[in-house]
Amino acid sequence: MASIDLKPASNFIRNIIAEDQETGKWDGRVQTRFPPEPNGYLHIGHAKSICINFGLAAEFKGRCNLRFDDTNPTKEEQEYVESIKADVRWLGFDWEDREFYASDYFDTLYAFAVDLIEKGKAYVDSLSAEEIRSYRGTLTEPGRESPYRNRTVAENRDLFERMRNGEFPAGECVLRAKIDMASPNLNMRDPVMYRILFASHHRTGDKWCIYPTYDFAHGQCDSIEGITHSICTLEFEDHRPLYDWFLDALEIHHPRQIEFARLNLTRTVLSKRKLIRLVEEGYVTGWDDPRMPTLSGLRRRGYTPQAIRNFCERIGVARRDSTVDMALLEYCLREDLNRTAPRVMAVLRPLKVVIENYPENHTEMLKAVNNPEDPGMGTRQVPFSREIYIERGDFMEDPPKKFFRLSPGREVRLRYAYFITCVGVVKDEKTGEVKEVRCTYDPATRGGDAPDGRKVKATLHWVSAPQAFDAKVRLYDYLLNETSEPDAGKDTPEFKERINPDSLTVLSGCKLEPGLAGALPENRYQFERLGYFFVDPVDSAPGAPVFNRTVTLRDTWAKIQKQSRG
RNA sequence: UGGGGCGUCGUCAAGUGGUAAGACACAGGAUUUUGGUUCCUGGAUUCGGAGGUUCGAAUCCUCCCGCCCCAGCCA
């Protein structure tokens with residue numbers, strides 16, 4: 001089936017590149033990169049960046065590199081590079097043979113540093129970390145120059161080499177750029193270029209005991225890779241003058257940096273720090289918990305790469321801070337799943353219905369359509385018998401005016417089966433709870449059409465009791481409750497107070513049509529009238545699938561109920 | 001109170017001097033064996049505010065207001 005790739009809409013980065021192509025600024029070349037730090041899992045905010053970088057490169061017949069910014073061995077691990085690669089691949093992007101690491105360039109970066117020392121533009125500082133901080137000044141006051149700032153080139157060269165040789169303990173000294181301690185831009189107040197870290201690196205092992213800072217590495221890595229458009233988020237805008245300074249001082253290729261606003265989403269968190277707290281404090285089961293906005297979480301929830309890519313195209317790219325409504329993500333998901341997911345009948349909260357005038361010990365097979373949106377997906381047979389299950393919520397003994405499902409005396413259609421009429425209920429004597437509904441059926445309505453043309457207001461899904469397959473189903477809801485503050489500003493309650501205690505509901509004994517016994521991990525289905533479900537690849541066992549609700553169907557009735565409740 | 005950004009419908013977002021795209025959400029209606037899908041229809045006399053330039057401004061100028069980022073040897 002044709003996919004639903006959207007035509008690109010105008011955004012300022014696309015416009016810049018298009019203009020560069022027209023003017024031949026980069027000789028028609030477009031080279032971007034997605035530069036994650038391998039210190040955590042990717043989330044949907046990263047997906048935005050991935051789609052921008054890989055998407056723009058593809059659109060303009062360019063290339064996009066995958067580069068790991070692994071300059072801090074104390075935080076980075078191989079496990080993360082593997083998960084990042086898996087996530088980017090899953091999203092549908094291919095970096096071919098262009099898998100790079102900042103650590104690939106450590107030798108070059110070291111040479112760059114020496115070059116700056118030779119040019120008198122870098123020096124070894126022996127101030128402590130605390131001293132450097134206090135010498136830096138504040139937002140409103142200029143900093144002071146380090147007493148070590150005017151060491152000779154020879155001395156700096158010697159000291160830096162000794163740093164590299166491991167002659168100093170961590171923290172003893174650092175290499176700094178000699179720029180301007182009075183700059184109103186704090187990034188220009190002699191930033192640290194190299195620090196001593198006796199940590200083994202996931203790729204270079206113990207080869208180095210000094211590591212470049214992000215600020216000294218990022219721009220040069222982009223330069224080395226011949227990046228034309230260095231796309232990053234807004235918080236790096238203040239660093240741009242510094243990157244420019246390094247590139248100019250080093251006299252090397254100078255990419256153009258373009259900043260855009262990071263993604264924020266309602267009803268969830270996207271900051272790495274908060275995500276870690278959710279995991280570590282046990283609010284979720286892990287980084288791939290289906291409630292998490294991580295790509296691994298969304299994948300396990302049942303999201304499709306196509307839906308996420310379309311979402312990223314629809315949200316646009318701009319420089320203003322914004323928070324996208326989760327409803328848009330869900331819209332993109334349903335749009336994709338509606339076309340592709342086979343329909344099936346499943347009763348989550350079963351209520352038994354006995355059809356009094358249907359023969360006992362009899363079973364017949366009825367034809368059901370697999371996907372009304374795609375006739376090519378064919379049909380299947382489902383069993384029907386005297387006892388069936390319907391959804392508890394589809395029956396009301398004393399219904400309000402707008403409820404038009406089953407209730408005493410009312411006739412409804414059982415999808416693909418018969419019209420049935422409620423003729424009575426059986427209640428628990430003590431609690432008054434409805435235990436069973438008694439109905440009669442009209443044999444003339446087989447398949448769901450009345451020959452006399454009479455209409456019915458509702459069509460219910462159902463599952464034949466004797467053949468029903470029992471399974472566990474998990475219903476997921478948003479991680480966070482709604483906030484009255486539209487934008488998560490300073491005055492919003494601490495996010496933990498907003499955590500939704502009902503983000504997970506586990507249902508067992510759900511009644512599914514028998515064909516689902518063979519559901520395989522990662523299969524997707526639409527449970528008619530309920531939503532889209534995904535067979536969990538971790539918790540399912542052969543013959544015992546566990547279904548995760550990916551997203552509900554749009555539910556007008558639920559909306560009406562919510563409104564009438566006030 | 002230093003520097004850097006940003007303010008267009010409830011939420012995203014086009015638009016860059018010629019008279020406010022689109023999407024989601026929302027509200028009506030039609031079709032429907034999923035209260036699903038699909039399909040119509042409705043909505044900013046107005047672009048943070050106030051002045052100014054101009055025949056004409058969301059787009060140019062001035063002032064003001066609000067929000068975000070920066071004081072890691074994190075990225």
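Just so it is clear, the structure is predicted and the values come from calculations on it, not from any experiment. Sequence lines set the chain letters: A, B, ... in the order given, protein chains first and strands last, and positions in each chain run from 1.
A:Tyr194 comes within 4.0 angstrom of nothing in the nucleic acid, heavy atoms only. Contact annotation for A:Leu197: no contact, since no heavy-atom pair falls under 4.0 Å across all strands. Nucleic acid contact class of A:Leu337 (heavy atoms, under 4.0 Å, all strands): none. Within the 4.0 angstrom heavy-atom criterion, no nucleotide atom of any strand lies near A:Pro35. A:Thr138 comes within contact range of at least one nucleobase, with a heavy-atom separation under 4.0 Å. Backbone-only contact: A:Lys75 has heavy atoms under 4.0 Å from sugar-phosphate atoms and none from a base. Within the 4.0 angstrom heavy-atom criterion, base atoms lie near A:Lys402. Within the nucleic acid shown, A:Thr74 has no heavy atom closer than 4.0 Å to any nucleic acid atom. A:Phe236 comes within 4.0 angstrom of a nucleotide base, judged by non-hydrogen atoms across all strands. Within the nucleic acid shown, A:Arg415 comes within 4.0 Å of at least one base atom, counting heavy atoms only. Here A:Tyr331 lies in heavy-atom contact (under 4.0 Å) with sugar-phosphate atoms only. Contacts of A:Glu37 with the nucleic acid, taken as non-hydrogen atoms under 4.0 Å apart, involve only primed sugar atoms and P, OP1 or OP2. When heavy atoms are screened at a 4.0 angstrom cut-off, A:Gln526 is found touching base atoms of the nucleic acid. Heavy atoms of A:Arg343 sit under 4.0 angstrom from at least one base atom.
In this entry the base of B:rG49 is anti relative to its sugar, with a glycosidic angle more than 90° from 0.
Between A:Ile315 and A:Thr556, it is A:Ile315 whose nearest contact on RNA chain B lies nearer the 5' terminus. Mapped onto RNA chain B by nearest heavy atom, A:Ala129 and A:Ala417 fall at different nucleotides, with A:Ala417 at the one closer to the 5' end.
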Show the numbers, then the answer: is there a side-chain contact (heavy atoms from CB on, under 4.5 Å) between A:Tyr214 and A:His239? CA-CA 11 Å; A:Tyr214 175 86; A:His239 296 240; 5.6 Å; no
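Judged by distance alone with a 3.5 Å cut-off, a donor-acceptor contact links the side chain of A:Glu373 to the base of B:rG36. At a cut-off of 3.5 angstrom, the base of B:rG3 holds at least one donor-acceptor pair with the side chain of A:Asp238.
Distance from the side chain of A:Glu76 is smallest to B:rA75 among B:rA75, B:rG15, B:rC24. Each of B:rA75, B:rG5, B:rG2 was ranked by its minimum atom distance to the side chain of A:Tyr214; first place goes to B:rA75. Proximity note for A:Asn338 (side chain, C-beta onward) versus B:rG36, B:rG15, B:rA75: the nearest is B:rG36. Nearest nucleotide to the A:Leu328 side chain, out of B:rA75, B:rA23, B:rU1: B:rA23. Set against B:rU37, B:rC74, B:rC73, the side chain of A:Asn72 has B:rC74 as its closest nucleotide. Out of B:rA14, B:rC24, B:rG2, the shortest distance to the side chain of A:Leu139 is found at B:rG2. Taking the side chain of A:Arg136 as heavy atoms from C-beta on, and the options B:rG72, B:rG36, B:rA23, the nearest nucleotide is B:rG72. When distances run from any side-chain atom of A:Leu186 to the nucleotides B:rU37, B:rG5, B:rA71, the shortest one goes to B:rA71.
A salt bridge does not link A:Arg67 with A:Asp104: every distance from a Lys NZ or Arg NE/NH1/NH2 to an Asp or Glu carboxylate oxygen is 4.0 Å or more. A salt bridge links A:Asp442 with A:Arg454: the closest approach of a Lys/Arg side-chain nitrogen to an acidic carboxylate oxygen falls below 4.0 angstrom. Classification of A:Glu335 and A:Arg314 as a salt-bridged pair holds, one side-chain N sitting under 4.0 Å from a carboxylate O.
Taking atom C1' on both nucleotides, B:rU8 is separated from B:rA23 by 15 Å, rounded to a whole Å. Rounded to a whole angstrom, the distance from the P atom of B:rG7 to that of B:rC61 is 15 Å.
Proximity of the aromatic rings of A:Phe236 and A:Tyr243 is defined here by a centroid distance below 6.0 angstrom, and this criterion is not met.
Considering only side-chain N and O atoms, A:Gln257 lies nowhere under 4.0 angstrom from the phosphate OP1 or OP2 of B:rG4. A close approach under 4.0 Å does not occur between any side-chain nitrogen or oxygen of A:Arg319 and OP1 or OP2 of B:rC69. Taking 4.0 angstrom as the limit, A:Lys559 places a side-chain polar atom (N or O) nearer than this to OP1 or OP2 of B:rC26. Between A:Ser10 and B:rG15 there is a side-chain N or O to OP1 or OP2 distance below 4.0 Å. OP1 or OP2 of B:rA75 sits under 4.0 Å from a side-chain N or O of A:Thr71. At least one side-chain nitrogen or oxygen of A:Ser322 sits closer than 4.0 Å to the OP1 or OP2 atom of B:rA13. Residue A:Arg14 places no side-chain N or O under 4.0 Å from the OP1 or OP2 atom of B:rA14. The side chain of A:Arg320 contributes an N or O atom lying less than 4.0 Å from OP1 or OP2 of B:rG7.
A 6.0 Å sphere centred on CZ of A:Arg262 holds no more than 12 heavy atoms belonging to other residues, nucleotides or ligands.
A salt bridge (Lys or Arg N to Asp or Glu O under 4.0 Å) with A:Asp125 is found for one member of A:Arg136, A:Arg149, A:Arg176, A:Arg189 and no other, namely A:Arg176.
In the model, A:Glu330 has no side-chain atom that pairs as donor or acceptor with a side-chain atom of A:Tyr303 under 3.5 Å.
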